[in-house]
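Report on the structure given below.
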Amino acid sequence: MEREWQNAASKSLSTDLLFIMDVTYSMIPYADELKKQIRYIVSNVERSFNYDITIRMGVVAYTDVTLSPPAVLPLTEMTTEGKAEIEAFLERLIFGSNHQAQDPAEDVHGALEAAGASEIGWRSASRAIVHMADSPGHGTRLHDETAHDDVRQPWYDQLPNYDEHGNLLFKLMKKLFVLRQVQKYCFIHIPIKDPIRFPGEERIFTRTMFKKLQEACGNHGMMAEVEWNNPQEMMLQMGKFLRENIMEWRGGSRLVERIDDPSSGMSDSPDSDSNEASSYATDIVPPENCVVGSGRDVCGA
């Protein structure tokens, strides 16, 4: 019991902050600014707590299922050495390596799976995700047909029936919020600029996907969304969002030891369907037509 209280105290002002980033071709105009804003978010949190806080930062950078798997930087403490490692990772990131992708839809499911993997190393009392993207994942249920007529075209998604009923998305979100105990998930809508399809305009294609992420989470208080079109206001909202989460969990009153202990019986498999894991999902309700435990949906032809 004494060790548990010591562990809680050591985590009392700490946060794990994971950035999930779409690094596909359409994100090239935002590449430098995204990296800059990541640095700003972290430094803003540090300043807010007079640098008396332990920040562990990680990155999941994803493209499409037909290309390479997500590039992952596990959660890394922001020491001098850690900051250098994070900077090196950000500098190595190449936006637009998916120029050979066959459709605009991206591997969002793969990114969420990577975020919930044990290799990420979730362990702080406060845990949050910031997801930045301009395109939805595979499967027409994630597509916003009001954004542009192109979304209705067959070429927009080569896997239109992927995760048709949202079963896989529910499992992935359940793993993040129940097994990994992430408390906050903020989605940043990045507008697409296309001088040919919609000259002089910026269109957001990710609103429907965010609603489906909320639905899969089941607790709207854990989810937030902001738009990129006003970076200054966006950063103010992000700072408030993260500070509130850190203060809420500063006492470390969580199931950290139980979750991280392999002997706890909590499943660490991709499905995370153990009865014990399910017993903690009091605020997470499966979406309509989602049959928990039915397995990964087969991609439609």
Mark yes or no for whether [X], through its side chain, and [Y], through its backbone, hold a donor-acceptor pair below 3.5 Å.
{"X": "T146", "Y": "D144", "answer": "no"}
{"X": "K35", "Y": "L90", "answer": "yes"}
{"X": "K212", "Y": "R207", "answer": "no"}
{"X": "D107", "Y": "T63", "answer": "no"}

Original post:
If we ignore angles and hydrogens, is there a donor and acceptor under 3.5 Å between the side chains of T54 and S14?
Top reply: no
Item to complete: Give a yes or no on whether the ring-centroid distance for H131 and Y62 is below 6.0 angstrom.
Response: yes
Between [X] and [Y], is any pair of side-chain heavy atoms under 4.5 Å apart?
{"X": "M222", "Y": "Q183", "answer": "no"}
{"X": "F95", "Y": "Y25", "answer": "no"}
{"X": "D64", "Y": "H138", "answer": "yes"}
{"X": "W228", "Y": "H189", "answer": "no"}
{"X": "I246", "Y": "I53", "answer": "yes"}
{"X": "K83", "Y": "E77", "answer": "no"}
{"X": "F205", "Y": "P136", "answer": "yes"}
{"X": "H143", "Y": "T208", "answer": "no"}

message: Determine whether E87 and R39 satisfy the following criterion, side chain to side chain contact (heavy atoms under 4.5 Å, CB included), listing intermediate values before the conclusion.
response: CA-CA 9 Å; E87 282 296 323; R39 298 181 183 103; 2.7 Å; yes
Spacing of [atom1] belonging to [X] relative to [atom2] belonging to [Y], to within rounding of 0.5 Å:
{"X": "H148", "Y": "I192", "atom1": "NE2", "atom2": "CD1", "result": "10.0 Å"}
{"X": "S135", "Y": "M27", "atom1": "OG", "atom2": "CE", "result": "8.5 Å"}
{"X": "R180", "Y": "W122", "atom1": "CZ", "atom2": "CH2", "result": "9.5 Å"}
{"X": "M57", "Y": "L73", "atom1": "CE", "atom2": "CG", "result": "7.0 Å"}
{"X": "N245", "Y": "L242", "atom1": "CG", "atom2": "CG", "result": "7.5 Å"}
{"X": "N219", "Y": "Q214", "atom1": "CG", "atom2": "CD", "result": "10.0 Å"}

Residue set satisfying salt bridge (Lys or Arg N to Asp or Glu O under 4.0 Å) with R56, at least two apart, ordered chain then number -> D16
_So, using side chain to side chain donor-acceptor pair (under 3.5 Å) as the criterion, who are the partners of D149 when residues are at least two apart?_
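Applying side chain to side chain donor-acceptor pair (under 3.5 Å) to D149 gives R152.
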By side chain to side chain donor-acceptor pair (under 3.5 Å), E201 pairs with (sequence neighbours left out) R203
Considering only NZ, NE, NH1 and NH2 on the basic side and carboxylate oxygens on the acidic side, decide whether E248 and R127 come within less than 4.0 Å. no
### Query
Salt-bridged, E113 to K171, with N to O below 4.0 Å?
no
What are the two closest heavy atoms between [X] and [Y], and how far apart are they?
{"X": "G82", "Y": "T76", "value": "CA-CG2, 3.7 Å"}
{"X": "E46", "Y": "I55", "value": "CG-CD1, 3.4 Å"}
{"X": "L93", "Y": "A61", "value": "CD2-CB, 3.6 Å"}
{"X": "I86", "Y": "M78", "value": "CD1-SD, 3.1 Å"}
{"X": "D163", "Y": "L169", "value": "OD2-N, 3.0 Å"}
{"X": "G58", "Y": "L18", "value": "C-CD1, 3.3 Å"}

List the steps and the verdict of side chain to side chain contact (heavy atoms under 4.5 Å, CB included) for D134 and T206. CA-CA 6 Å; D134 67 353; T206 49; 5.5 Å; no
Notebook entry, point to check: Hey, which of V60, L34, V42 is the one that makes side chain to side chain contact (heavy atoms under 4.5 Å, CB included) with F19?
Noted result: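 Result: among V60, L34, V42, V42 is the only option passing the side chain to side chain contact (heavy atoms under 4.5 Å, CB included) with F19.
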The side chain to side chain contact (heavy atoms under 4.5 Å, CB included) partner of E215 among R141, M173, H220 is R141
Margin query: Tell me whether the rings of F187 and F210 are parallel (<30°), tilted (30 to 60°) or perpendicular (>60°).
Written below: tilted
*Under the side chain to side chain contact (heavy atoms under 4.5 Å, CB included) rule, what do F177 and C217 come out as? Steps first, then yes or no, please.*
CA-CA 8 Å; F177 286 98; C217 170; 4.0 Å; yes
As a quick check of understanding, evaluate side chain to side chain contact (heavy atoms under 4.5 Å, CB included) for M21 and Y30, giving each step before the final call. CA-CA 11 Å; M21 302 170 59; Y30 299 97; over 6 Å; no
Do V130 and I204 land in one hydrophobic cluster if side-chain heavy atoms of ILVMFWY residues count as linked below 4.5 Å? no
(Q) Assigning hydrophobic clusters by single linkage (Ile, Leu, Val, Met, Phe, Trp, Tyr; side-chain heavy-atom cutoff under 4.5 Å), is Y40 placed with F241? (A) yes
